[in-house]
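What follows is one structure encoded as structure tokens, with my remarks underneath.
Given the structure is predicted, the values throughout are model-derived calculations rather than measurements.
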Amino acid sequence: LQQMHDKMQDLLATMNARVDYIAACLHHPDAACECRKPKAGLFKQIAKHFSCDLTGVPAVGDSLRDLQAAQVVKAQPILVRTGKGERTLAKREGLDNIPVFANLQSVVNDLLLNL
């Protein structure tokens with residue numbers, strides 16, 4: 001996982017960009033930890049790191065668990081169709097009032113248009 005994060009940061013650096021903080025749950029699914037989605041532990045770590053409230057902050061995910069974790073901290077969940085997104089959308093559960101986008105690029109474009 002660290003190698004993936006390092007590669008991502010290296011690729012972003014070539015575009016004068018970076019990710020300021022990465023939060024990840026490294027626990028086994030059976031560990032019943034607070035950071036495994038749909039629990040909101042990772043979002044709470046992010047809020048603590050940046051000393052901020054996540055209310056209304058866009059939170060992009062491809063699974064219902066991602067969206068549920070965002071809702072716990074009152075972030076604005078956004079579903080993308082990529083990854084597991086199409087399967088999540090097909091189930092049609094828990095998606096009321098959640099915007100759906102084709103991919104992360106379309107989310108970014110929309111967010112920039114609505115600044």
Side-chain angles (χ1 to χ4, degrees):
L1 181 61
Q2 187 59 50
Q3 289 175 335
M4 287 180 8
H5 291 163
D6 291 344
K7 181 175 181 174
M8 176 183 65
Q9 293 285 37
D10 290 343
L11 290 169
L12 288 168
T14 66
M15 297 178 273
N16 296 316
R18 69 177 189 273
V19 173
D20 289 329
Y21 183 72
I22 298 171
C25 174
L26 303 178
H27 302 106
H28 187 275
D30 296 334
C33 64
E34 288 301 312
C35 54
R36 192 132 187 114
K37 295 175 274 181
K39 293 182 181 175
L42 291 177
F43 282 101
K44 291 175 182 177
Q45 286 177 29
I46 293 166
K48 182 177 180 180
H49 177 83
F50 289 105
S51 299
C52 69
D53 178 11
L54 297 179
T55 300
V57 172
V60 180
D62 67 353
S63 72
L64 183 59
R65 296 164 54 95
D66 296 338
L67 307 175
Q68 291 169 328
Q71 289 171 323
V72 170
V73 296
K74 297 183 175 47
Q76 170 57 58
I78 299 170
L79 178 67
V80 288
R81 292 177 178 269
T82 52
K84 296 177 252 170
E86 285 295 340
R87 285 192 307 248
T88 301
L89 194 57
K91 291 178 183 174
R92 293 277 182 214
E93 72 179 54
L95 300 178
D96 294 341
N97 301 314
I98 294 178
V100 179
F101 289 86
N103 53 43
L104 186 57
Q105 180 66 55
S106 61
V107 173
V108 171
N109 290 343
D110 186 74
L111 291 172
L112 291 173
L113 283 173
N114 293 302
L115 281 178

Is atom [atom1] of [X] surrounded by more than 12 heavy atoms (other residues, nucleotides or ligands) closer than 6.0 Å?
| X | atom1 | value |
| --- | --- | --- |
| K74 | NZ | no |
| Q3 | CD | no |
| N97 | CG | no |

From [atom1] ([X]) to [atom2] ([Y]), nearest 0.5 Å:
| X | Y | atom1 | atom2 | answer |
| --- | --- | --- | --- | --- |
| L111 | Q76 | CG | CD | 9.5 Å |
| L26 | L1 | CG | CG | 6.0 Å |
| D62 | K84 | CG | NZ | 5.0 Å |
| D96 | I98 | CG | CD1 | 7.5 Å |
| M4 | Q9 | CE | CD | 12.5 Å |

Grouping I, L, V, M, F, W and Y whenever their side-chain heavy atoms are under 4.5 Å apart, do [X] and [Y] come out in a common cluster?
| X | Y | answer |
| --- | --- | --- |
| L89 | L67 | yes |
| M8 | M15 | yes |
| L104 | F101 | yes |
| V100 | L95 | yes |

Take K44 and V73 through the test side chain to side chain contact (heavy atoms under 4.5 Å, CB included) and record every step on the way to the result. CA-CA 8 Å; K44 291 175 182 177; V73 296; 4.2 Å; yes
Is [X] reaching over with its side chain to a backbone N or O of [Y], donor-acceptor style, under 3.5 angstrom?
| X | Y | result |
| --- | --- | --- |
| D66 | G61 | no |
| T82 | N103 | no |
| Q71 | P77 | no |

Apply the test side chain to side chain contact (heavy atoms under 4.5 Å, CB included) to residues H5 and V19: give CA-CA distance (whole Å), side-chain angles for both, the deciding distance (0.1 Å), then the verdict. CA-CA 9 Å; H5 291 163; V19 173; over 6 Å; no
Work out which heavy atom in [X] is nearest to a heavy atom in [Y]; give both atom names and the distance.
| X | Y | result |
| --- | --- | --- |
| A69 | K39 | CB-O, 3.5 Å |
| L54 | F43 | CD1-O, 3.2 Å |
| L42 | C35 | CG-O, 3.4 Å |
| I46 | A23 | CG1-CB, 4.1 Å |
| S63 | L79 | N-CD1, 4.2 Å |
| R36 | H28 | CD-O, 4.2 Å |

Determine, step by step, whether D20 and F50 satisfy the side chain to side chain contact (heavy atoms under 4.5 Å, CB included) criterion, reporting the C-alpha distance in whole Å, the side-chain angles of both residues, the deciding distance to 0.1 Å, and the verdict. CA-CA 10 Å; D20 289 329; F50 289 105; 4.1 Å; yes
Side chains of S106 and N109: any donor to acceptor distance under 3.5 Å?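 Result is no, nothing qualifies.
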Do the non-hydrogen side-chain atoms of L64 and E93 ever get within less than 4.5 Å of each other?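 Touching, per the 4.5 Å side-chain cut-off.
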Anything under 30° is parallel, anything over 60° is perpendicular, the rest tilted; go ahead and classify Y21 against H49.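 The arrangement is parallel - the two ring planes meet at less than 30°.
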For side chain to side chain contact (heavy atoms under 4.5 Å, CB included), just list the numbers for Q68 and V72, CA-CA rounded to whole Å, side-chain angles, deciding distance to a tenth of an Å, and then say yes or no. CA-CA 6 Å; Q68 291 169 328; V72 170; 5.8 Å; no
